[in-house]
Amino acid sequence: MSTLKILRDLVFLDAKIESDPDFPPARIDYLINQSQRYVQSKLNRLGFKKFETTADLVLSVTTFVGMTTKSAAITQLTGYMETSPIKYINTSGMEIINGINSMVHGQAFELPDEIFRERIISSISVPTLKYPKFMRTANFLHFYPYTITSAKAFYYRSLNDLTDDNDLTEIPIEFELFIVEKTVIDILNRKGVIQDMQKAVASLDRKIADKYQETQSQ
Amino acid sequence: MNSAEMLSSLRTLLDEKVSGGFYEDADLYNALRSGELELATRLFAVYKAKTEQNKGEALPFVLTPLYNEIEQVMGAGVATIPLPNGVIGILSVQYNHSGPSPLYPVYSRDVSSVKHFSKNNYFLKSDKNKNVYYFTYTPISGYVELETPSESEDSLAHVCYIKHPSGISALVQPTLESNTHEAIIQYALWYILRKDKDYQAQEYQKFLSMVQTLYF
C-alpha cells in the first residue's frame, strides 16, 4: 500500500506541477484526502465490504408525529461516513407469539422520511418486529415498532485522512492509482487544462467500476 | 566565430571597410555586447513563460554557458542570499533552515501584491516543520529573500541562476556558443542602424526569427 508521500509524488509527476508555487504539498495533501474519500465512496456503492463496520445502538423511547418510536443518535455510529448509506440495522424485541413471550429478530431497512409516517400509521404496511423499518432525520435514527429493544447498525466508516508522509492509505492497492488520477483531474481542472471535467470524472468512474468487476470475477 | 570575426561580419553587413570605417570598433563591440545580452534575456524570458505551462520544461541548450550556482552558509537568523551583479534570472533555490542537508526545493512567491494574500493562505504559506519554503527575488533588490529565516549557524542555501554574458570586446570572446553568433550580429546590425536613425524594422524581425529558431 502507498504512503501519502508516494501518492503526492505521483501526483506531482502526473500533473507536472513539481515546482508550481500554487500547488505546494499542503494543498496536494488536501486534494489527495478528498480523492481518497471519493474512491472509497465509489467502492462502497459498488458493494465493496472492507469499510463496513458495526455499532450497538442505545435506544430511547421518543415520539414522531404523535407516534411512539425508538430512537438513537447518529453520533453512536462512530466514524460514520455520512455520504454513504447505512446498510441495514439488525433489531430484536419481545413479542407474544402463541401465548409465549418470544424474541423476534428482524432486519430494518431505511425508509425515506416522507413515507415513514405513512407506513407506521397504515394498517396494511405497518412495520413489525420481523420486518422493522427506520428513518434518519435531524441526526437521529427512528425505529418502528417501538417494541424493538436492541439494534446493531451495519454502516460504512470514513477513512482516516492522511496527514503524515508515512501514513498508509487503506484503499486497496488495486485502486490506489485512482486516488492519484482523481487528484490530477482536480488539479488540471483548476489550472484550466481539462476542457470537460464531467467527461474526465465519468471516465474515471467507469474505470473504477470495471476494475471492481475485474477483482470480483477473479 | 571569435569577437574579431564577429566585428568583421558586422562591418561587412554595414558595407564598411574592415578598418578606417565610419563606425568605431568600440561602437560595434557595444552593439555586439547588447546583442548577446538581448538574446540571452529573450531566451530566458521564453523559457520562464513556457515553465508556467510545463513545469518540466528543460533549460534551452544555448543558455547553458550562462548557468551559474552559488552556495551560501546562512548564519542563524539570516534570510537573504545576496547575488552578484549581472543576473538575468533565477532558475532554482534549495534550502534547509536547520542544517546543511538535506536541501529542499524552495517555491517562488510572486513579488506583486498577491504575495501578501498568498503568504497567509493555509495551503500556500511557508511551513518550516514540513520544510516547505518560499522565496522572492527582484533584480532591483539584488538578493533572494527567504520567508523562513535560518535557525542554525550551518544551514545552507543553494541558488542556480542565469548570469549576464561576459561582454564581447577585442579581448573578450563571446560567451554564447557559435550557433548564436549570427543572431547576435543581426541584432547588432539593427542596433547600429537604429542609432543612425535608419529604422530597419525588418532587421529586427529577422533577429526575432533567429531567436525562435535558437530556442531548441
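Residue numbering restarts at 1 for every chain, and letters A, B, ... go by the order of the sequence lines.
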- Message: With a strict 4.5 Å heavy-atom criterion, list every residue of residues 36-56 of chain A that contacts chain B, or say none.
- Response: none
- Query: Which residue pairs satisfy the salt bridge (Lys or Arg N to Asp or Glu O under 4.0 Å) criterion with at least one member in residues 90-100 of chain B, sequence neighbours excluded?
  - Reply: none
- Decide if atom CD of Gln198(A) counts as having more than 12 heavy atoms of other residues, nucleotides or ligands within a radius under 6.0 Å. no
- Task: Only counting residues at least two apart or in another chain, list the ones meeting side-chain hydrogen bond (donor to acceptor under 3.5 Å, both in side chains) with Asn160(A).
- Result: none
- Query: Among Ala26(A), Ala15(A), Pro21(A), which has the most heavy-atom pairs under 4.5 Å with chain B?
  - Reply: Pro21(A)
Which N or O donor-acceptor pairs, by atom type, sit under 3.5 Å across chain A and chain B?
| residue | atom | partner | partner atom | Å |
| --- | --- | --- | --- | --- |
| Pro21(A) | O | Tyr134(B) | OH | 3.1 |

